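Computed from heavy atoms alone, side chains included, the values below leave out hydrogens, waters and symmetry copies. Source: prediction; values computed, not measured. Remember, it's 1-based here, ligands and their atoms both numbered in the order they're listed.
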Amino acid sequence: MTPNPAAPLSKNEVLKQNDPTLGGQLGETLADPALACFSSDDEQFLKFHGIYQQDDRDLRKSGKQYIMMVRARISGGIIPPEQYLAFDDLSERYGNQSLRITSRQSFQWHGVVKDNLGPLMKGLNDALCTTLAACGDVNRNVMAPATPATSALVERVQEDARRVNDALLPQTGAYHSIWIDGEPLKLTAEEKQAFTDPLYGKQYLPRKFKIAFAIPPLNDTDVYSNCLGLVAIADPADPTRPLGYNLLCGGGLGMSHNNPATFPRIADVLGFFRAEQLVDVAKAVLTAYRDSGDRTNRKHARLKYIIAERGADWFRQEIEARAGFKLEPARPFHFDRQGDLFGWHRQMDGRWFLGLYVETGRIKDTPDRQLKTALRRIVATFRTEVRLTPSQNLLLAGVTTDQKDAITAELGAHGIPVENQAGAIRRASMACPSMPTCGLGLAESERALPGILSLIETLLADLQLSEEEIIIRMTGCPNGCARPYLAEIGFVGRAPGKYSLYLGGNAGTTRLNQEYRASVKVDEIIPVLRPLLTRWKSERTGGERLGDFCARVIWPEQKIALVTPATPETN
Ligand code: SRM
Ligand code: SF4
């Protein structure tokens with residue numbers, strides 16, 4: 001579907017063009033206590049400031065109650081202790097008393113009423129955290145492996161992720177003026193219109209843009225699902241340093257039900273470049289997208305559609321022309337797993353980290369488990385660094401041997417075991433927030449998945465398959481926020497209590513799964529899965545995983561073609 005040059009610009013493009021400072025009327029509305037919410041135009045500007053105007057969907061019948069969601073910009077998921085304590089405090093004072101780890105290693109504050117928005121944003125700034133460009137038509141949270149034990153490259157790749165993150169931040173002064181100085185940007189309409197961001201120009205990107213780093217063989221960031229993926233290749237002379245990166249472009253997961261022009265896509269491998277060329281390459285990819293994306297149809301505006309239509313070779317040449325050098329042939333790499341390490345592990349530097357399973361990424365206190373309180377006490381006492389993972393879990397890092405037992409005891413006192421934190425399928429699961437905050441949710445997700453996992457756990461126990469890991473992910477709509485199209489079992493919301501069922505992702509999340517049933521009611525899930533898992537048990541070869549079994553046996557039966565990276569990875 002080639003963009004129609006005669007088609008009018010989408011509404012968002014006109015908004016950005018008319019106010020490239022992205023300030024809109026945000027400052028004025030914020031300062032006016034008589035206004036309960038922001039205008040629909042300003043909702044679009046708010047996103048660039050990391051804020052979504054939502055309403056509590058549980059309360060819709062009794063009238064719309066506006067609440068905001070605020071998303072931090074945290075490159076690579078690393079949070080110093082003082083910052084974590086400030087985040088926790090802000091969630092108590094201005095949010096809904098929970099902190100939500102996102103599927104891109106960041107935090108969200110939900111349930112922020114308008115009067116609390118200013119103090120929350122100021123508090124985040126005081127904690128040296130920005131929310132600028134956490135959402136909007138810009139480069140979003142950059143993901144990078146954060147587990148300090150999986151590769152000698154982790155800390156250097158984290159530094160590279162921060163460099164890319166910083167180089168791609170928009171420069172508007174509106175953010176500082178509104179949220180830190182507490183007043184609208186003092187510019188006339190003409191002066192606002194004259195502003196041009198040095199990198200993004202006047203209209204920013206056609207749509208969101210996402211970057212992830214990965215260090216093989218662990219694909220914890222699901223790198224193939226990003227617009228720009230960077231696969232680190234170690235320097236043979238110094239294994240703590242990346243020699244360079246394989247460049248992956250054109251991944252993305254969002255789609256709409258019943259609209260075949262929209263689809264999830266995994267990235268193409270375009271070549272290899274040296275570490276010192278990183279920022280130039282990232283800017284080349286971003287500006288190529290900026291200049292060639294569809295600005296008339298937002299459903300067709302992601303980089304993945306450009307590459308799907310114009311081809312990887314065309315895009316490679318575009319990058320080379322912009323970066324000013326040729327990419328080398330891709331270096332061999334292979335991913336064999338995703339996910340996190342739980343419990344105590346030694347870091348590369350000899351200290352310890354603790355991997356903590358966080359159900360659906362929600363840090364909160366419940367009568368049985370006071371995770372939020374326990375984390376606050378541990379971080380306050382031991383000044384532990386917090387690291388967020390792309391699977392919505394958390395690591396307490398930099399722990400010394402003499403602190404370990406006290407941390408284990410503190411967690412235990414709040415109902416959280418350090419060993420056997422959750423069963424095999426729960427540890428490998430993810431769910432998006434959906435109800436009650438997400439305005440796009442068609443079905444429950446975060447609130448439904450734990451119960452559905454319990455049903456599947458019972459089924460697996462019945463079949464004596466309890467020890468098997470199956471990657472299960474759920475979203476409340478087809479936008480793909482918990483990356484369900486890379487799971488071995490993906491549940492994608494269609495309507496209240498109904499999900500499309502996807503099967504066939506793999507352990508390294510390098511393969512898209514495929515729709516197996518278009519609409520399954522919650523009480524049909526086990527009847528649908530039972531015969532499938534029974535066949536898997538009897539027909540699998542060796543330790544074959546469920547996703548691989550589905551791709552080998554079920555897909556051919558359903559005449560589904562295999563979708564793997566266009567340039568296959570090599571060993
Ligand atoms: Fe997402 C929109 C939550 C990762 C694809 N996403 C939304 C919104 C903001 C709803 C909205 O536009 O009104 C959701 C807010 C819900 C709430 O109440 O919190 C939302 N997305 C999330 C998070 C919090 C889900 C989670 O479980 O953690 C993730 C935040 C990550 C971050 O820190 O930046 C999140 N979203 C993703 C991912 C996964 C990823 O990036 O690795 C995807 C699929 C990858 C991709 O982008 O293709 C994703 N979100 C979308 C889309 C579909 C975009 C598309 O191309 O069609 C939307 C809808 C949109 O943009 O219009 C969306
Ligand atoms: Fe909302 Fe859909 Fe994203 Fe879930 S997948 S958070 S329902 S947009």
Practice prompt. Check ring-ring contact (aromatic ring centres under 6.0 Å, His included) between Tyr289 and all other residues, then give those that pass, not counting sequence neighbours.
Written response: Phe209

Worksheet item: For Ser103, does its backbone N or O pair with a side-chain atom of Arg483 as donor and acceptor, under 3.5 Å?
Response: yes

Fill in: Contacting atoms of ligand 1, where contact means under 4.0 angstrom from a heavy atom of Ser106
33 (O)

Worksheet item: Any idea which atoms of ligand 1 are less than 4.0 Å away from a heavy-atom of His110?
Response: 17 (C), 18 (O), 19 (O)

Discussion item. Between ligand 1 and Lys210, is the shortest N or O to N or O distance under 3.5 Å?
Written reply: yes

Fill in: For Pro433, the ligand 2 atoms whose distance to one of its heavy atoms is below 4.0 Å
6 (S)

Worksheet item: Pick from Arg93, Lys372, Lys364: which one makes a salt bridge (Lys or Arg N to Asp or Glu O under 4.0 Å) with Asp88?
Response: Lys372

Worksheet entry | Nearest non-hydrogen protein atom, atom 48 (O) of ligand 1 | Leu253 N, 2.7 Å

Fill in: Check: Arg473 side chain, Ala428 main-chain N or O, donor-acceptor pair, under 3.5 Å
no

Worksheet item: Which protein heavy atom lies closest to atom 50 (N) of ligand 1, and at what distance to 0.1 Å?
Response: Cys481 SG, 3.0 Å

Worksheet item: Is the ring centre of Phe48 less than 6.0 Å from the ring centre of Tyr175?
Response: no

Discussion item. Within ligand 1, which atoms have a heavy atom of Ser103 less than 4.0 Å away?
Written reply: 4 (C), 25 (C), 26 (C), 28 (O), 29 (C), 35 (C), 39 (C)

Practice prompt. Scan residues 471-494 for pairs that pass ring pair (Phe, Tyr, Trp, His ring centres under 6.0 Å), counting only residues two or more places apart or in two chains.
Written response: Tyr485-Tyr502

Fill in: ligand 1 N/O within reach of Gln392 N/O, cut-off under 3.5 Å
yes

Worksheet item: At distances under 2.8 Å, what protein N, O or S atoms surround atom 2 (Fe) of ligand 2?
Response: Cys477 SG

Worksheet item: Among all protein non-hydrogen atoms, which one is nearest to atom 62 (O) of ligand 1, and what is the separation to 0.1 Å?
Response: Arg207 NH2, 3.0 Å

Fill in: Protein heavy atom at shortest distance from atom 15 (C) of ligand 1
Met69 CE, 3.7 Å

Worksheet entry | atom 55 (C) of ligand 1 - nearest protein heavy atom and its distance | Arg302 NH1, 3.5 Å

Worksheet entry | Which of the ligand 1 atoms, numbered from 1, are nearer than 4.0 Å to a heavy atom of Gly252 | 48 (O)

Fill in: Heavy atom of the protein closest to atom 63 (C) of ligand 1 (residue, atom name, distance)
Lys208 NZ, 3.4 Å

Discussion item. Please check: side-chain N/O of Glu446 versus main-chain N/O of Ala431, any donor-acceptor pairing under 3.5 Å?
Written reply: no

Practice prompt. Could you label the plane-to-plane angle of the Tyr200 and Tyr204 rings as parallel, tilted or perpendicular, counting under 30° as parallel and over 60° as perpendicular?
Written response: parallel

Worksheet entry | Backbone of Phe263 reached by a side-chain donor or acceptor of Tyr305 within 3.5 Å | yes

Discussion item. Do Arg362 and Ile101 make a side-chain contact, defined as non-hydrogen atoms from C-beta onward lying under 4.5 Å apart?
Written reply: no

Worksheet entry | Residue pairs passing the side chain to side chain donor-acceptor pair (under 3.5 Å) test where at least one lies in residues 431-444, sequence neighbours excluded | Glu444-Arg447

Discussion item. For atom 18 (O) of ligand 1, what is the closest protein heavy atom, and at what distance to 0.1 Å?
Written reply: Thr437 OG1, 2.6 Å

Discussion item. Would you say that Leu46 contacts Gln53 through its side chain, given a criterion of any heavy-atom pair below 4.5 Å between the two side chains?
Written reply: yes

Worksheet, complete the sentence: shortest atom 42 (O) of ligand 1-to-protein heavy-atom contact is with Arg483 NH1, 2.6 Å

Worksheet entry | Contact (N/O only, under 3.5 Å) between Gln54 and ligand 1 | yes

